[in-house]
Structure formats: structure tokens, C-alpha cells
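Taking it in order: structure first as C-alpha cells, then the write-up.
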Protein chains: 2
Amino acid sequence: MAAPKRLTQHDIAKLAGVSQATVSLVLNGAPTALARIPQETRERVQQVIRTTGYVADPIARRMAKGLNRILGVFTYEPAFPSAQADFFTPFLLGIEEEAQIQNYDLLLLTGAGVGQDRKIFADGNRLRIADGCLVLGREFDRTELTRLVSGDYPFVAIGRREDAGGPVPYVGGDYANGTRALVEKAGALGHSRLAYIGPPGPAESTADRWSGFDRALGNGLELVLHIETVGCAADEILDALLGSGATVAFFVELADAVRVEAAARARGLSIPGDFSAVVLGSHIRAERSHMQFTAFDIPREEMGRQATAMLVRRIESGDAGGQILLTCEPVEGETLGPAKKRT
Amino acid sequence: MAAPKRLTQHDIAKLAGVSQATVSLVLNGAPTALARIPQETRERVQQVIRTTGYVADPIARRMAKGLNRILGVFTYEPAFPSAQADFFTPFLLGIEEEAQIQNYDLLLLTGAGVGQDRKIFADGNRLRIADGCLVLGREFDRTELTRLVSGDYPFVAIGRREDAGGPVPYVGGDYANGTRALVEKAGALGHSRLAYIGPPGPAESTADRWSGFDRALGNGLELVLHIETVGCAADEILDALLGSGATVAFFVELADAVRVEAAARARGLSIPGDFSAVVLGSHIRAERSHMQFTAFDIPREEMGRQATAMLVRRIESGDAGGQILLTCEPVEGETLGPAKKRT
DNA sequence: ATTAACTGCTAATACGCATTAGCAGTTAAT
DNA sequence: ATTAACTGCTAATGCGTATTAGCAGTTAAT
């Protein structure tokens, strides 16, 4: 009923018959300071705190001390809505787990930008309420990244990032080697004519896949078809594929692979009987498709965990932050078979 | 390279040749105050702000003003880890969406409690950094709820809650009527002997299902079996079910229904051929089961949205907050058929 | 000619906490 | 008997902002 005005240390102090400073010391004074406050007084204060349920205002705390055990999470797209939810959830899972261990809370920055155009440095941005932040998204704004790098605000990116006026601290997946391993596996199965369905950039994630692929060529492996645009009509891709004489197709996008597989099935072709398909990356919810695609695993949760740990290190020890690429293990799947001999 | 010491309004003031107060006024003074600052001065200050990229420290802002456009989200279980992720995600989806619209950020309180025993009022809790909070979880701590209700801190629960020393503001799903509608539907299909698999309480969510069920009895509808424990062996449930002569079983837990269906199939029984099954609530990811169960929809996203909107109203207008139950529409499914005539 | 109203600003203060310097009283050491 | 060290605290200050009261100068009104 009564609206008990928010308690302050002054109130506690009055009730315990001490000064506000003493309350503060009891709450979080260094051992050296605490040593000078006798058990008796300490207990009296604690008692009052307990019965009143007083909790220090974290804002004021931060104001005075500069830190508040909050990690910001900035996403260049809204984190939960439908399509994105599947993409971000695993990262958040890892982030939350590690944050909990380190005893940090998470601030999801949702309001930072309007609609499509999210900006870290938007006017009125509340990022700084957090002690540091994690940045995730498929594609970053380079200007902002540069500003972050040159600034003194601790952050860690999830996903590899090119230098932006300096090295960017990140924890990413090693897509290049993940891709390379799959290409080599295809080679071992007798494939020599390869197709690549997906752009070679500009985002780091796509660029890495392409570079891993490109480096694996040679040694009898040849790129016979490269469709750089994503989302082409499945039949077009299929026609090109068949026309090129490729025996295996590498897809950057799962969706493309799914559609091409369906189109192939519609024509009476089978995978991996007639040609093989490989997807460069794992996807959360295997969109209801008939096949479990051969791919590589993206350790999203672990990325979230390690990025969080790195960020905490930056915040607490002034660490510079490093660059970590986590191994992406191959996922067997059932769409990569021996190369079909061509007539 | 250089670590540019964080700018303050004092710095801006010095650069623009005015006082700190003027800077503050230019930034966010009321029109009445602004009117007294000539265009020329305003522009000079704005210019400095623009070139320096100054952004007001949100912490200090909150310190002075008392609000910071942050909504806390407290979950009685960690929000993301595996099992929970599916449960909380749809709520968060709605919450984030609405928060974005209202231009609030979200503070996920992850570190509030250790392990199982999460507490809102845990020592060191940082809840108050937010202007208000949303509370979610299957089961609440009544003591804490009472304290929240009696306090002046704005909050809104997601899911119906019994009074706790006063009415609890919430946005929930109308499970009682959702359940009732399904029972009536079964009645219309000729069922008269019903089984209920699930506890009648104590959590509101389960109590509501039970009360809706209970109220729908009579009129020739009879409860012939009630198994109050969840997670019983499927075969035991099935035996009891068949022995009771029930023609339709209502499950509180999808998992129970899935297991019983499997057990029935193993014995050569079919649903809804031999008996019908109804699940009281929708579940995020239909655990890979053969059947699409007849159930009712829980509008989780909408609950998140409306709860967020209500919370913002409480914060901004000192609104008392209401109690909203959203309709849970029936989900057709394929497990509720006509009652089988008993010999 | 006096007052009133307006203009263009600034000084001062509050917000709640952490932290430092130091006061007054008591013992212990020399 | 003087100094030193220790005990148990408190006063004072700063963090960066928002806000209110009000100052000094100018113009307008009576």
C-alpha cells in the first residue's frame, strides 16, 4: 500500500546509527578498511540492510566507480524476430552462459537504430551504460568499427573482422579451413570439376569461405562454374550446374542448396547419386529438407562464450584482446558421395 | 592511438565558450528554456558537439533524471540454455519487438542468482538499473512477488499470477477458457468419459488448465481418470487410460502425450482411432513426433509485446497496470476424433 | 522616471554512491 | 611524559548530468 520511497545508504545509516560512509564500507570496503570496522557495527548495519531489503543503486555505483558488471550486446539486426532469432540465439546462449559465470548482466541494445539502419554511435545511444560490448551481425559498418577500434571502449566482435585502422578483437569461426577441408574431402572422393554457388565477398564470412575454397583448388581440382549471386532460380542453377560438367556444388547458402536439391529431385536426379552438394556452414534449424547436407559445423555457442570471456578480460585487466578462430569441424551429412564418372 | 579521455559537457562548454548548463540545455532543455538561448549560441554548441562526437553519458543522465529507457527482464531460469531457450525465445521476441518500438533497451538479468535458486532481490542484484522489469518463469517465488507488489518498482508479470498482497499486473494466456473450449469440442464429438493427465496446481498455469477443465465437466461429461503426476511411465498411463474406459485424454505436458502416443502405437493402437488425445497448450518446437496434437495456441509473442507495452505505460504514466488474459485459440491437430463406441 | 518584462546566460545544487583524509579517543612503546 | 600507532568512525568530495533560481543588461510600458 504505502509506497516506500527508495532506500538510500543514508536511510540505512540513520537506522543503524552510523554514517553513510560506514554503510558503504560495510557493503564493499576493501579488507583493509573493513578491518577498522568492528564486527559488532558491521553486523548491525548488515542487519538493517537485511530487514529493509536495501540494494545499492547500480547507477550511482557506476557513477562513482566506473563499472557496473554489465555487458552490452549490439546486433546489427534485431536479435529475436523470426528469421534472425535462429541466427542469434546460439550466440546468445553462449554469451549468457559465460556472462552468468563471470557474474555480468547483459544489456541488449535494441533501440539503437531505427529499422534497417542500426548504428552503434547513434545519437542518444546507451551503449556506454555497459562496461564493454559484444558486436554481432553479418555485415559491419566499417566506419563504426574504425571508431570502436580507435576508441577506448572495450569491445569484441563475434566473427572475424578485417583490420579497421587497427586489429579488431574477435572470436570467429575458421570458415576458410572448414571450407578447405570439405573441398579436399571432395577431391579424395574423386571430384575434380567443382561449382561454387555464392559470392566471394565482401563480408568476411563469405570472403573466408571463398578464399578457403580458392586455395584448395589446383592439384587436379578445377572450378568450372561460379554463380556469384545468391537466390537465383533453382532451375537456372541446376541447368548451369549440369551444363558445366561439375560433379559437386559448394553452396554458401543452405537455402540455395535446398532449392536446388528439390529441383533436381523433380527432374529425377538424385544427390549424391547424380551430383554431390556441400553446404559451407551449419544452420540452426535444418529447414525441413529431405537431406542432411554435408557441411561444416559453426561452433556458435563456443564463439559466444569465448568472446564474452575475452571481453571480460579486456574490461577487467585492460587486456588488448586477441583474434581467435575456432575450428569448424566437418559434418558428415549425406550429400557428398563419390564423383560420378562422366561419359 | 591516443586514448581520448571521455568528453563531458564541461569540455564542450569550454570549447564553445559557454557554461555546462548551457550545453545541457541545448541538448535537451524544454522548449521554454530553449527559447531563451539564441539560435547562434545553440548552433555554436551543436557544432562543437558534432565535431567532437560527444554523447551524453547515459549513466550520469539517469543519475540526474531517474530514468534511462531500460527494461529489465528477469527470468527465474536462465533464458537461453538449451531447454529453456525454446520456452523463452518467443516471449523475448515479442518483448524485443515492442521495446524497440518504444525505444527501450533490454537488460537481461542473468547473474541475479546462483544456479537453481534465482532471486530477484538477491544481494547485489542489479535490477534497479532498469526503469521497470518484466518477470517470467513457470513458477514464481511468492515472497518476492509480494514484495514487488507492495513496492513502488514498476513491473509486469508474463503469465497470470494470483494476488500477492494485492493484484499482480500481468499479461497471460487464458488457459482456462482455452482448455474449456477443447473439452467442449470433445463433448461435441461424443466423448463423455475423460482422462486428465497432469497436476491441478500449484502454479497458476497448471491450476488454470485444471479449473477450465473442471468447470467444463457435467452435462454428461465425466472425469474417469486423473493422473496428477507428470512424467509417469508411458505404459502405466496407457494401462490406466484403457482400464478407465476414457475415450479422450487431456495432457498438460506435451512430452507425456508424445510418449503415450508412442506406447499406444507400439501396442497397435491408434490415435484418434482408439482414443483421442488433447494437449493443453502449444509448444514451440513440436518435438519430432508423428502426430500434430490437438491443442490450444499460446500467443507468446503477443504476450511479450503487450506486457512490454503495459510496463512502459506504468513507467511513463505511473499507470497501475492491469490484468490481461489473451485468448488461446484452439489448434485443430489430428488427435481428437469422434468418440469410439465402447462395447 | 520608474517599473516590468524580457533576453542570454550562469552558479549552485541534487542524484546515490565510493573513497580519501583525518578527527578524537585509547593503548602501547620509548 | 611524550610520541606513535591503532581504533572506530565521519566529513567531504567527486562522478556527469538536469534543473532551478536568479544575475546583469536591455527594452517596453506606464
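Order of the sequence lines sets the chain letters (A, B, ...), proteins ahead of strands, with each chain counted from 1.
Residue B:S24 places at least one side-chain N or O under 4.0 Å from the OP1 or OP2 atom of D:dA18. Remark: B:R61 is in phosphate contact with D:dA18, judged by side-chain N or O atoms under 4.0 Å from OP1 or OP2.
When heavy atoms are screened at a 4.0 angstrom cut-off, A:V23 is found touching no nucleic acid atom at all.
Using a 4.0 Å cut-off between charged nitrogen and carboxylate oxygen, B:R50 and B:E43 do not count as a salt-bridge pair.
Here A:M310 pairs with A:V156, A:P169, A:V171, A:R313, A:I324 under the side-chain contact (heavy atoms from CB on, under 4.5 Å) rule; sequence neighbours left out.
To the nearest angstrom, C1' of D:dA18 lies 8 Å from CD of B:Q20. The nearest whole Å value for the distance from the NE2 atom in B:H10 to the C1' atom in D:dC15 is 12 Å. Here the C1' atom of nucleotide D:dT17 and the CG atom of B:D57 are 8 Å apart, to the nearest Å. Atom CG of A:L25 is separated from atom P of D:dA11 by 13 Å (rounded to the nearest Å).
Side-chain contact between A:E98 and A:E301 is absent, with no heavy atoms from C-beta onward closer than 4.5 Å.
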Dot-bracket notation for DNA chain C, counting Watson-Crick and G-U pairs under 3.5 Å, with | for partners on another strand = ||||||||||||||||||||||||||||||
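For the 3.5 Å distance criterion, the side chains of A:T146 and A:T143 fail to qualify, holding no donor opposite an acceptor. Defined by atom type and a distance below 3.5 Å, a donor-acceptor pair is missing between the side-chain atoms of B:Q47 and B:R44.
Taking every nucleotide of DNA chain C with any atom under 4.0 Å from a non-hydrogen atom of chain A, the first and last of them, 5' to 3', are C:dG16 to C:dG22.
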